[in-house]
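Below you'll find the structure, written out as structure tokens, and then a few comments.
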Amino acid sequence: MSILDNLNENQRKAAEIIEGPLLILAGAGSGKTRTLTYRIAHMIKEKNIEPYFILAVTFTNKAAKEMKERVESLVGIEGEKVMISTFHSFGVRLLRMYAKYIGYDSNFGIYDSDDQLSIVKRILKEIGREINLTPNKIVSIISKAKEDGITPEEFEEKRVFFHDYKTIAEVYKRYQKELLKNNSMDFSDLLIYTNKLLDIEEVKEKLQNRYKYIMVDEYQDTNDIQYQIVTKIALKYRNLCVVGDEDQSIYGFRGANIDNILNFEKDYKDAKVIKLERNYRSTEIILEAANSVIKNNTTSKGKKLWTDKKSKDLITVYEAKNGIDEAYFVAHNIIKNVDNGRNYREFTILYRTNAQSRIFEEVFLKHNLPYKIFGGMQFYQRKEIKDILAYLNVINNPNDDVSLLRIINVPNRKIGARTIEKIRDIQYKKGISLFETLKYIEEATSVRSNTKNSIIELYNFFKTLIEEKEFLSVTEIFDEVIEKTRYLDSLEEEVRVENVLELKNSIIEQETRENNIQLSEYLENISLVSTTDNLEENQDYIKLMTIHNSKGLEFPVVYLVGMEEDIFPGKKVEFDDKELEEERRLCYVAITRAEEKLVITYANERNIYGRIDSFRDKSRFLDEIPMNLLKYINRKEEKTIIKKEKSKKIENFNPFSLKNKGLFNVGDKIYHNKFGNGIIKNIEENKRLIIKFKYEEKKIAIAVAEKVLKKI
DNA sequence: AGGGAATGCGTTTTT
DNA sequence: CGCATTCCCT
């Protein structure tokens with residue numbers, strides 16, 4: 001009797017080999033996480049390996065959390081001692097301990113892409129040189145260089161691709177300096193500096209001796225730096241198990257290097273290789289479609305998924321007239337299936353780009369279908385939330401100029417652009433942080449005394465909190481910020497107030513769950529959450545997300561929408577076969593998310609930037625699926641269903657009186673001067689319209705609405 | 001300093 | 001088309 005009796009033959013082999021290098025090639029849905037968790041349980045329970053010696057690295061926090069729970073349920077409380085985390089969280093932990101080795105303070109902050117952008121914009125202004133690239137592009141060029149392990153100096157030497165390389169190198173150099181000065185790191189730095197730490201003999205040895213058994217999940221999506229980190233730690237004991245699927249490598253744009261997995265056997269000549277090819281997720285037809293698409297790639301190692309899950313359901317294909325028709329089709333198809341006994345939670349819409357979600361959102365609102373969009377504009381990226389977090393960042397890390405600049409005049413303190421320039425002049429002369437400069441405001445000429453007062457007031461406010469932060473809980477600090485700055489009073493929209501209060505709730509929730517965390521810990525936690533981390537399985541709504549976000553997940557019914565050339569694959573593939581192969585892998589990922597049913601749609605006509613683009617081609621990937629697996633739905637046939645369903649739905653859900661019938665209906669698109677375009681979501685007691693605008697929901701009395709709203 | 005109009009740009013994908 | 005940035009006006 002062994003704990004491994006619960007695995008199939010190959011899974012078991014993979015779990016039993018715990019010494020030496022091991023490559024597990026695990027196809028989609030082949031029970032990869034299961035194999036890993038049982039492998040860990042086997043090590044602890046049956047091989048008497050100390051949990052403390054085991055390190056497992058995953059791609060997302062959600063995956064880490066899931067694996068932790070599953071390990072703990074197999075081995076009990078001991079499982080807590082296994083280190084299961086993402087590369088980034090693992091790095092942060094280490095960096096906090098050894099920050100001083102690389103010139104940082106241990107309370108360093110973490111910058112997101114917004115912060116990166118504002119730094120780059122400022123640097124561009126400072127050097128004032130002409131460059132025909134947008135700040136956004138420059139950020140992504142720099143990030144890519146960093147993920148590829150290219151230093152600013154190397155960037156200049158290599159002078160590849162860009163004729164503006166000199167300027168970019170200059171920006172890159174200053175950018176790195178700025179981050180160091182701000183005692184902050186971006187996402188790439190978390191990896192780069194972790195890797196650097198491992199060049200210190202003392203640190204390296206300590207880690208090598210601790211993590212005698214290492215597992216890396218989603219190995220096909222590791223980048224060069226992550227590769228080096230793993231290689232260095234595993235060097236001594238060589239008990240390295242990597243799990244992945246070269247066909248699911250979809251993060252090349254972020255520096256992921258598919259060669260890491262392809263070359264594993266070259267790196268470790270004595271590596272054992274196990275293939276997991278039995279799929280427990282999808283039906284035969286779905287798998288055949290996936291296999292026939294991916295076989296067009298040259299990088300595939302040749303592995304063929306199989307299953308005994310039979311089904312007569314072919315893959316449904318719908319050719320829509322245009323984007324709206326496509327969304328209607330999906331909505332009505334879902335309604336039809338719900339009537340036949342399915343739940344909303346069983347449906348997921350997958351698309352290539354976030355922008356595609358909009359039209360589905362509109363149509364779902366119109367039909368009163370519950371849905372949730374993952375990704376796109378996140379909670380923590382909203383203006384009001386970022387403002388509050390900027391305050392907390394400055395308190396946690398007073399060197400954080402970026403955060404201070406963000407809120408120095410929010411709420412309005414009459415500290416305008418001119419005044420800020422003057423403060424900065426003083427700062428550059430003194431070579432200190434922006435925060436410390438505030439107290440020298442007296443040295444500035446021609447700044448109004450009112451303004452000077454409010455600067456001193458701001459300085460004292462921060463000073464007090466910085467000194468007291470260790471004695472205060474995060475909630476108390478939050479309350480103090482809200483109260484003293486009167487931030488809520490400055491907000492005009494009710495929803496923004498609600499969001500800030502929601503933020504407070506989440507702080508309280510985290511503090512109770514983790515027993516009073518430090519401010520720096522809290523800020524770190526929220527920097528590293530990913531979009532699908534908060535996916536809740538038991539709530540009944542339709543899920544919408546990009547294919548990238550769907551990685552590692554599975555759903556009963558998948559709608560793969562926007563299957564058109566120039567969207568999927570995107571435009572870029574014309575110039576680059578490598579890009580095309582990555583897009584094809586993305587398509588493979590999308591298809592293999594589906595358990596029971598897959599529906600593919602494309603449109604002949606679509607609005608792009610407000611312009612109509614007719615005669616669009618369906619995706620070449622669709623042509624790579626054999627015809628006998630596909631069933632095209634006749635448009636006429638569907639239309640009649642659409643009509644019937646539509647009237648039925650609206651009558652069922654929204655009975656409203658004759659009084660307002662002629663004016664406003666649920667589903668109407670309207671325009672408001674201040675809030676922009678919106679859609680009427682509901683009508684409350686015949687008195688108020690509930691309107692969904694882009695970022696908020698508003699209630700407007702009908703009498704008022706008649707005056708301020710325009711139907712469009 | 002702040003509001004409003006005019007302009008210009010964008011789509012990959014994210015830890 | 002929607003958003004952000006800029007510029008011009010008060």
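Each chain gets a letter, A, B and so on, in the order the sequences are listed, and its residues count up from 1.
- In this structure, CD1 of A/Ile408 is placed 12 Å from P of B/dA1, rounded to the nearest angstrom.
- Each of B/dT13, B/dT15, B/dT11 was ranked by its minimum atom distance to the side chain of A/Asn354; first place goes to B/dT13.
- Nearest heavy-atom pair, A/Lys321 versus A/Asp325, reported as atom, atom and distance to 0.1 Å: N-OD2, 2.8 Å.
- Taking A/Phe621 as the reference, A/Phe568 meet the ring-ring contact (aromatic ring centres under 6.0 Å, His included) condition, with sequence neighbours excluded.
- Distance, A/Gln226 CD to B/dT15 P: 13 Å, rounded to whole Å.
- The distance from atom CZ of A/Arg611 to atom P of B/dG8 is 14 Å, rounded to the nearest whole Å.
- You'll find that the side chain of A/Thr134 is closest to B/dC9, out of B/dC9, B/dT15, B/dT13.
- Following rounding to the nearest Å, A/Leu586 (CG) and B/dT11 (C1') show an atom-to-atom distance of 14 Å.
- Among the protein residues, A/Phe568 comes within range of no part of the nucleic acid, since none of its heavy atoms lies under 4.0 Å from any strand.
- Atom CZ in A/Phe374 sits about 13 Å away from atom P in B/dT15, given to the nearest Å.
- For A/Thr353, counting side-chain heavy atoms from C-beta on, the closest listed nucleotide (B/dT13, B/dG10, B/dT14) is B/dT13.
- The minimum heavy-atom distance between A/Asp221 and A/Gln248, with the atom names listed, is OD2-O, 3.6 Å.
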Return all side-chain donor-acceptor pairs below 3.5 angstrom for residues 191-198 of chain A, not counting sequence neighbours, or 'none' if the list is empty.
| unit_1 | atom_1 | unit_2 | atom_2 | d |
| --- | --- | --- | --- | --- |
| A/Thr194 | OG1 | A/Leu190 | O | 2.4 |
| A/Asn195 | OD1 | A/Lys232 | NZ | 2.8 |
| A/Asn195 | ND2 | A/Gln228 | OE1 | 3.0 |

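- Contact check on A/Arg358 versus A/Glu361 returns no salt bridge, with no Lys/Arg side-chain nitrogen under 4.0 Å from an Asp/Glu carboxylate oxygen.
- Backbone-only contact: A/Ile415 has heavy atoms under 4.0 Å from sugar-phosphate atoms and none from a base.
- When the C1' atom is compared between B/dT11 and C/dT6, the two are found 23 Å apart, to the nearest whole Å.
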Using a cut-off of under 3.5 Å, enumerate the N/O to N/O pairs linking the protein to nucleotides 5-8 of chain C.
| unit_1 | atom_1 | unit_2 | atom_2 | d |
| --- | --- | --- | --- | --- |
| C/dT5 | OP1 | A/Lys121 | NZ | 2.4 |

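- Where A/Gln116 and A/Thr451 each meet DNA chain B at their nearest nucleotide, the meeting point lying more 5' is that of A/Thr451.
- In this structure, the ring-ring contact (aromatic ring centres under 6.0 Å, His included) partners of A/Phe90, at least two apart in sequence or on a different chain, are A/Tyr211.
- Put simply, CZ on A/Arg254 is 13 Å from P on B/dT13, counting in whole angstrom units.
- Residue-nucleotide stacking is present for A/Phe253 and B/dT13, judged by a side-chain ring centre under 5.5 Å from the six-membered base ring centre and planes under 30° apart.
- For A/Arg358, whose side chain is taken as the heavy atoms from C-beta onward, the closest listed nucleotide among B/dT13, B/dT11, C/dC3 is C/dC3.
- In this structure, A/Asn525 and A/Glu514 have side chains that are in contact, with non-hydrogen atoms separated by less than 4.5 Å.
- Rounded to whole Å, the distance from NZ on A/Lys146 to C1' on B/dT14 is 16 Å.
- Listed pair A/Asn549 / B/dT14 meets the phosphate criterion, a side-chain N or O lying under 4.0 Å from OP1 or OP2.
- Counting any heavy atom pair closer than 4.0 Å across all strands shown, A/Phe87 reaches no nucleic acid atom.
- At whole-Å resolution of the value, OH in A/Tyr251 and P in B/dT15 are 6 Å apart.
- For A/Phe187, the side-chain atoms get nearest to B/dT15 when compared with the rest of B/dT14, B/dT13, B/dT15.
- For the pair A/Arg448 and A/Glu582, both in contact range of DNA chain B, the more 5′-proximal nearest nucleotide belongs to A/Arg448.
- Taking A/Phe253 as the reference, A/Tyr251, A/His548 meet the ring-ring contact (aromatic ring centres under 6.0 Å, His included) condition, with sequence neighbours excluded.
- Here A/Ser89 does not reach the OP1 or OP2 of B/dT15: none of its side-chain N or O atoms lies under 4.0 Å away.
- Residue A/Thr86 has its side chain nearest to B/dT15 when only C/dC1, B/dT14, B/dT15 are considered.
- For A/Tyr227, there are no ring-ring contact (aromatic ring centres under 6.0 Å, His included) partners two or more places apart in sequence or in a different chain.
- The A/Lys137 side chain lies nearest to B/dG10 when the options are B/dT15, B/dT14, B/dG10.
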